[in-house]
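Chain A is the first sequence line, chain B the second, and so forth, proteins listed ahead of strands; every chain is numbered from 1.
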Number of protein chains: 2
Amino acid sequence: MNPNREQELSRRERQIMDVIHSRGQATAAEVLAALPEPPGYSAVRALLRILETKGHLRHHRAGAVYVYTPSSSPESARQSALQRVVTTFFQGSVSQAVAALLTTPEKEISETELNELQNLINQARKEGR
Amino acid sequence: MNPNREQELSRRERQIMDVIHSRGQATAAEVLAALPEPPGYSAVRALLRILETKGHLRHHRAGAVYVYTPSSSPESARQSALQRVVTTFFQGSVSQAVAALLTTPEKEISETELNELQNLINQARKEGR
DNA sequence: GTTCATGTGCTAAAAAATTAGCACCACCTG
DNA sequence: CAGGTGGTGCTAATTTTTTAGCACATGAAC
């Protein structure tokens, strides 16, 4: 899902895509339970069908229930979402976005994670990027 | 603008907020020029007025022209946007989001920027976070 | 078998979003 | 001054989105 396609989404469509992305997959009931100001079950299903028609979602059957997953890969979705934020809010500067993340007050980063990030920075240096 | 408020935005509203955030401020004509599949000028103005009524934007007059700016601070908007992506696509893991940014293929990070990020990681270590 | 709970496909109505157009204003140029 | 250009406020029509409800299907429990 590239940024242009996400911009096509209406309010509810986008809320639903966010729910499914955050869980990786979801049934209609799970989507319903996670939506702000939730409508009825049949409203959710109608929107899921629309999102599938538009190509954003697909479904498989698990028993009697449809389970919906994003059509694009998780990695692709992640990169697209990040790029949109970098472009929109950080004038395209990846380093500023990283810096903002590193200084975010909400989340502690463990020693192990800091080491991993350290390695990535070292790699970036080695690759001349 | 916290994530819940952004979720209230309709398709066009969100496109417009993105334009204004990426520029820092914009006139109606600038918004119009930057929109995908642009409507007419008066349609853009009507939406800007709606966004102002909802509290997302404010305007000041520059000569004869209205210039619209986000109601929330740039820093606040950045953090909100990042948090949404971290929560939705990275299960709340800041370090994974940072790692994804560091491995993004699109953008080169300069030596100076790498040093700055290095410093931020060092600070995170010193502060025990 | 029946009943109940929960699922689906589909549709149309209701609500919201989007759009364009009118009337008017401000400013600049000839 | 008049005309042209570009701005605004406002409204209503049009389009899109959202919603709920009907009919039917499925599976489990009795």
Side-chain angles (χ1 to χ4, degrees), chain A residues 1 3-71 88, chain B residues 1 3-21 23-71:
Chain A
M1 172 170 63
N4 290 339
R5 296 213 63 199
E6 197 194 23
Q7 286 209 326
E8 295 170 2
L9 297 178
S10 70
R11 184 179 66 95
R12 273 294 193 209
E13 287 171 348
R14 185 158 171 259
Q15 287 170 355
I16 287 172
M17 289 306 299
D18 281 359
V19 169
I20 291 172
H21 270 125
S22 67
R23 308 172 74 105
Q25 67 181 25
T27 62
E30 286 165 344
V31 170
L32 173 63
L35 283 181
E37 293 165 345
Y41 185 71
S42 61
V44 172
R45 288 185 298 110
L47 284 161
L48 287 168
R49 199 176 311 118
I50 288 167
L51 283 164
E52 186 158 12
T53 300
K54 286 185 175 181
H56 295 288
L57 292 181
R58 62 182 59 149
H59 77 264
H60 62 275
R61 191 177 266 270
V65 186
Y66 282 13
V67 177
Y68 291 88
T69 55
S71 299
T88 304
Chain B
M1 171 169 60
N4 290 339
R5 295 212 65 198
E6 197 195 22
Q7 287 211 324
E8 294 170 4
L9 297 177
S10 71
R11 182 177 68 94
R12 273 293 192 214
E13 287 171 348
R14 184 158 173 258
Q15 287 170 356
I16 287 173
M17 289 306 300
D18 281 359
V19 169
I20 291 172
H21 270 125
R23 307 172 75 103
Q25 66 181 26
T27 62
E30 286 165 343
V31 170
L32 173 64
L35 282 181
E37 295 164 343
Y41 184 72
S42 59
V44 172
R45 288 185 301 109
L47 282 160
L48 288 167
R49 200 177 310 121
I50 287 166
L51 284 163
E52 187 159 10
T53 299
K54 287 187 175 182
H56 294 290
L57 294 181
R58 61 181 61 148
H59 77 263
H60 63 275
R61 192 177 266 269
V65 186
Y66 282 11
V67 177
Y68 292 88
T69 55
S71 299

**Sugar-phosphate, base or nothing in reach of B:Arg11, heavy atoms under 4.0 Å** =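 Here B:Arg11 touches the backbone only, sparing every base.
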
**Request:** Answer with base, sugar-phosphate or nothing: what part of the nucleic acid does A:Tyr66 contact at a heavy-atom distance below 4.0 Å?
**Result:**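 Answer is sugar-phosphate: A:Tyr66 comes under 4.0 Å of backbone atoms only.
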
**Prompt:** Does a nitrogen or oxygen in the side chain of A:Ser10 sit under 4.0 Å from OP1 or OP2 of D:dT18?
**Reply:**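 True: A:Ser10 side-chain N/O within range (under 4.0 Å) of D:dT18 OP1/OP2.
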
**Message:** Does D:dT19 have OP1 or OP2 under 4.0 Å away from a side-chain N or O of A:Arg12?
**Reply:**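 True: A:Arg12 side-chain N/O within range (under 4.0 Å) of D:dT19 OP1/OP2.
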
In whole Å, what is the span from the [atom1] atom of [X] to the [atom2] atom of [N]?
{"X": "A:Gln15", "N": "D:dT17", "atom1": "CD", "atom2": "P", "result": "14 Å"}
{"X": "A:Leu32", "N": "C:dG7", "atom1": "CG", "atom2": "C1'", "result": "14 Å"}
{"X": "B:Leu9", "N": "D:dT16", "atom1": "CG", "atom2": "C1'", "result": "17 Å"}
{"X": "A:His60", "N": "C:dT8", "atom1": "NE2", "atom2": "C1'", "result": "16 Å"}
{"X": "B:Ile50", "N": "C:dA17", "atom1": "CD1", "atom2": "C1'", "result": "7 Å"}
{"X": "A:Arg14", "N": "D:dT18", "atom1": "CZ", "atom2": "C1'", "result": "17 Å"}
{"X": "A:Lys54", "N": "D:dT17", "atom1": "NZ", "atom2": "C1'", "result": "9 Å"}
{"X": "B:Leu51", "N": "C:dA17", "atom1": "CG", "atom2": "P", "result": "11 Å"}

Where the side chain of [X] is concerned, which of [options] is the nearest nucleotide?
{"X": "B:Pro39", "options": "C:dA20, D:dC22, D:dT18", "answer": "C:dA20"}
{"X": "B:Ser42", "options": "D:dA20, C:dG21, C:dA17", "answer": "C:dG21"}
{"X": "B:Ala43", "options": "D:dT8, C:dA20, C:dG9", "answer": "C:dA20"}

**Item:** Beyond-backbone contact of B:Arg58 with B:Tyr68, side-chain heavy atoms, under 4.5 angstrom
**Value:**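 No, every pair of side-chain atoms sits at 4.5 Å or beyond.
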
**Asked** How about A:Leu9 and A:Ile16: do any of their side-chain heavy atoms sit closer than 4.5 Å?
**Response**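 Result no, sub-4.5 Å side-chain heavy-atom pair not found.
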
**Item:** Position toward the 5' end of DNA chain D (nearest nucleotide), A:Glu13 or B:Val65
**Value:**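 Looking at the nearest nucleotide for each, B:Val65 comes out on the 5' side.
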
**Request:** Identify, between A:Ala64 and A:Tyr41, the residue whose nearest nucleotide on DNA chain D lies closer to the 5' end.
**Result:**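 The residue closer to the strand's 5' end, by nearest nucleotide, is A:Tyr41.
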
**Prompt:** Below 3.5 Å, does any donor atom in the side chain of B:Arg45 face an acceptor in the base of D:dG7, or the other way round?
**Reply:**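 Checked by distance alone, the answer is no.
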
**Request:** Taking B:Gln7 for its side chain and A:Gln15 for its backbone only, find out whether a donor-acceptor pair lies under 3.5 Å.
**Result:**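 Looks like no, no N/O pair under 3.5 Å.
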
**Asked** Are the side chain of A:Ser71 and the backbone of A:Leu57 linked by a donor-acceptor contact shorter than 3.5 Å?
**Response**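 Yes.
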
**Message:** Under 4.0 Å between a side-chain nitrogen and a carboxylate oxygen: does that hold for A:Glu8 and A:Lys54?
**Reply:**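 No.
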
**Asked** Hey, which of these two, B:Ala46 or A:Arg49, hits DNA chain C nearer its 5' end, going by closest nucleotide?
**Response**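 Counting from the 5' end, the first nearest nucleotide belongs to A:Arg49.
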
